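These notes are about the structure you will find just below.
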2 protein chains.
Amino acid sequence: MMQLDKIVSYHKALADPTRMRMLILLSEGELTGLALAGKLCISPATVTHHAAKLRAVSLVNERREKNAIYFSLNHYFLQAYASAMSQLINQRASEEPNENEPMDEKNERLKQSVLKNFMTAEGKLKHIPSQLKKKRIVLEYLAEKLEPGKSYTEKEINRFIEQFHPDYATIRREFIMHAYLFREQEIYERNPREMWEKWETLS
Amino acid sequence: MMQLDKIVSYHKALADPTRMRMLILLSEGELTGLALAGKLCISPATVTHHAAKLRAVSLVNERREKNAIYFSLNHYFLQAYASAMSQLINQRASEEPNENEPMDEKNERLKQSVLKNFMTAEGKLKHIPSQLKKKRIVLEYLAEKLEPGKSYTEKEINRFIEQFHPDYATIRREFIMHAYLFREQEIYERNPREMWEKWETLS
DNA sequence: TAGCTAATTAGATATATATTAAATTAAATC
DNA sequence: GATTTAATTTAATATATATCTAATTAGCTA
């Protein structure tokens, strides 16, 4: 369960018109600090200030080229956090105190049982688990078979998923909703594993 | 297109730990101002202050009973606003200057052509349009056939959708994502038409 | 190395807002 | 009508933060 503070910080980051305009500008492509300052009519120092807040909640990425720094949107988190809050509010009831068994062992056991239950002997997916935790196990298992860093067209993704289940549209959407897959324009890419894990800590 | 200010105000409303805790408390049911003050360890005046902010962005409802006021969550907006921002940022590119033709005529013409293109002669849905505007037309057309105010189980919703398309899971999700349908616990309900329209103005 | 450009940091200021106590209003009950 | 309970408003205060200028740091290039 994501901490209150993180959700609040996230909303604080978005609770400022200048930062929101920054994000909108960045949605059209990366920009340097100076360029942002120019377009927003603010000083470079102010850009740094806001960039720090956005970075703190992983909403922007930065890369250095020569002595300029290019800012860009982190699409993962833009989508991921958005639903984290509704989860916080809608899914409270399902919280349970944890038992004595070590977490890692318990997770591994669950993972094996879920894969056994939801995958056929031929390696096809029977159906998508409805419980979030189980769903993530299945999605992760499938996503692992995608090559990290490689770009896929939508068709390629569909064909990939079809190997396991006919309803590729739903599963593709689940991949994106749960941050296993990332879509930019018409191109899909597997998110790095650390993103999967970061996302999980949010929910 | 939703105004920047509204999105910012919405995030401001959620950018405070006390208000977030209020929402979490209210997610378990309605409470009076005094009850909230007690549970949150703050003065009644502070509750009023925060309630005003949450009300300003339609996140809470109020009802009077005797001389107490009961606050409750507005689930519609909790879900609706959340994705409005990603839309703001992801769909900018598709904006176009509008032509001379009156808006209403244009919309009606689009609606007819979309329904003709995506529905079979037998009244089944061929597939879900990928363009947002067209998708909304199809979803609205289907949602109109649900009875407002009536509660449906998930199974009933599935059977309803299956009349039109086998992939009820996807369509059910789309209904919820686009605020045509509202889920509380395991029960589904059609949102009132005004909610559909309010939601559309957000995107 | 010196000089240039971009970005950050530090310090200062002004605005916004979260909070409370006290006064006031609203509704219900005696 | 007087009293009680709940909520709001008002006024005051303290904290947070958005912004700028000026000084500093980081990296490039002549």
Side-chain angles (χ1 to χ4, degrees), chain A residues 3-26 29-74, chain B residues 3-26 29-74:
Chain A
Q3 308 92 302
L4 195 79
D5 288 350
K6 279 200 183 170
I7 295 199
V8 170
S9 307
Y10 167 74
H11 287 290
K12 273 196 179 146
L14 296 170
D16 178 274
T18 304
R19 282 194 288 272
M20 191 60 75
R21 289 199 296 144
M22 265 178 85
L23 292 177
I24 292 173
L25 281 174
L26 292 178
E30 59 177 12
L31 289 169
T32 66
L34 261 199
L36 279 171
K39 297 207 178 202
L40 292 167
C41 296
I42 55 177
S43 74
T46 307
V47 170
T48 299
H49 169 74
H50 289 302
K53 304 226 160 191
L54 293 173
R55 191 182 338 110
V57 293
S58 305
L59 277 170
V60 297
N61 298 123
E62 306 171 20
R63 86 183 161 82
R64 178 148 224 144
E65 185 177 313
K66 307 215 168 174
N67 61 347
I69 287 179
Y70 287 81
F71 296 91
S72 60
L73 267 198
N74 185 334
Chain B
Q3 307 92 301
L4 195 80
D5 288 349
K6 280 201 184 170
I7 295 199
V8 171
S9 307
Y10 167 74
H11 287 290
K12 273 196 178 144
L14 296 170
D16 178 273
T18 304
R19 281 194 289 272
M20 191 60 75
R21 289 199 296 143
M22 265 177 86
L23 292 176
I24 292 173
L25 282 175
L26 291 178
E30 60 178 9
L31 288 171
T32 67
L34 261 198
L36 279 170
K39 297 207 178 201
L40 293 167
C41 295
I42 56 179
S43 73
T46 308
V47 170
T48 299
H49 169 75
H50 290 303
K53 305 226 161 193
L54 293 173
R55 192 183 335 113
V57 293
S58 305
L59 277 171
V60 296
N61 298 123
E62 306 172 18
R63 92 184 156 81
R64 175 148 224 146
E65 186 177 312
K66 307 216 168 174
N67 60 349
I69 287 179
Y70 286 81
F71 297 91
S72 60
L73 269 197
N74 186 334

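Everything numeric in this text was worked out from a predicted model, so none of it was measured. Chain A is the first sequence line, chain B the second, and so forth, proteins listed ahead of strands; every chain is numbered from 1.
- B:Glu30 places its CD atom 12 Å from the P atom of D:dA7, with the value rounded to the nearest Å.
- At whole-Å resolution of the value, CD1 in B:Ile42 and C1' in C:dT19 are 9 Å apart.
- One finds the CG atom of A:Leu14 at 12.5 Å from the NZ atom of B:Lys12 (value rounded to the nearest 0.5 Å).
- We find that CZ of B:Arg55 is positioned 12 Å from P of D:dA7, with the value rounded to whole Å.
- One interatomic measurement links the two molecules: CD of B:Glu65 to C1' of C:dA27, which rounds to 13 Å at whole-angstrom precision.
- Taking NZ of A:Lys6 as the reference point, atom OG of A:Ser58 lies at 8.5 Å (rounded to 0.5 Å).
- Panel note: side chain A:Arg19, backbone A:His50; no donor-acceptor pair is recorded below 3.5 Å.
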Please list, for nucleotides 11-13 of chain D, all pairs of protein and nucleotide N/O atoms separated by less than 3.5 Å.
none

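- Summarising the geometry, atom OG1 belonging to B:Thr32 is positioned 10.0 Å from atom CD1 belonging to B:Ile69; distances are rounded to the nearest 0.5 Å.
- Distances shown here put a side-chain N or O of A:Ser43 below 4.0 Å from the OP1 or OP2 atom of D:dC20.
- Taking each heavy atom of A:Val60 and A:Leu26 in turn, the nearest pair found is CG1-CD1, 3.9 Å.
- If you take CD1 on A:Ile7 and CG on B:Leu23, they are separated by 10.5 Å, rounding to the nearest 0.5 Å.
- Note: B:Phe71 CZ to B:Thr48 OG1 = 6.0 Å, rounded to the nearest 0.5 Å.
- Listed by chain and number, the residues in a side chain to side chain donor-acceptor pair (under 3.5 Å) with A:Arg63 are A:Glu30, A:Glu65 (sequence neighbours excluded).
- Rounded to the nearest 0.5 angstrom, B:Asp16 CG and B:His49 NE2 are separated by 7.5 Å.
- Per the geometry, CG belonging to A:Leu34 stands 17 Å off P belonging to D:dG27, to the nearest Å.
- B:Ala68 comes within contact range of the sugar-phosphate backbone alone, with a heavy-atom separation under 4.0 Å but no base atom that close.
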What protein N or O atoms touch nucleotides 14-18 of chain C N or O atoms at under 3.5 angstrom, if any, and at what distances?
from	atom 1	to	atom 2	distance (Å)
C:dA18	OP2	B:Arg19	NH1	3.0
C:dA18	OP2	B:His49	NE2	3.2
C:dA18	O5'	B:Asp16	OD2	3.4

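- Distance, A:Arg64 CZ to C:dT5 C1': 11 Å, rounded to whole Å.
- Going from atom CD1 of A:Ile69 over to atom P of D:dG27 covers 9 Å, rounded to whole Å.
- Rounded to a whole Å, the CG atom of A:Leu36 is 11 Å from the P atom of C:dT8.
- Ranking C:dA26, C:dT8, D:dA26 by closeness to the B:Asn67 side chain, first place goes to C:dA26.
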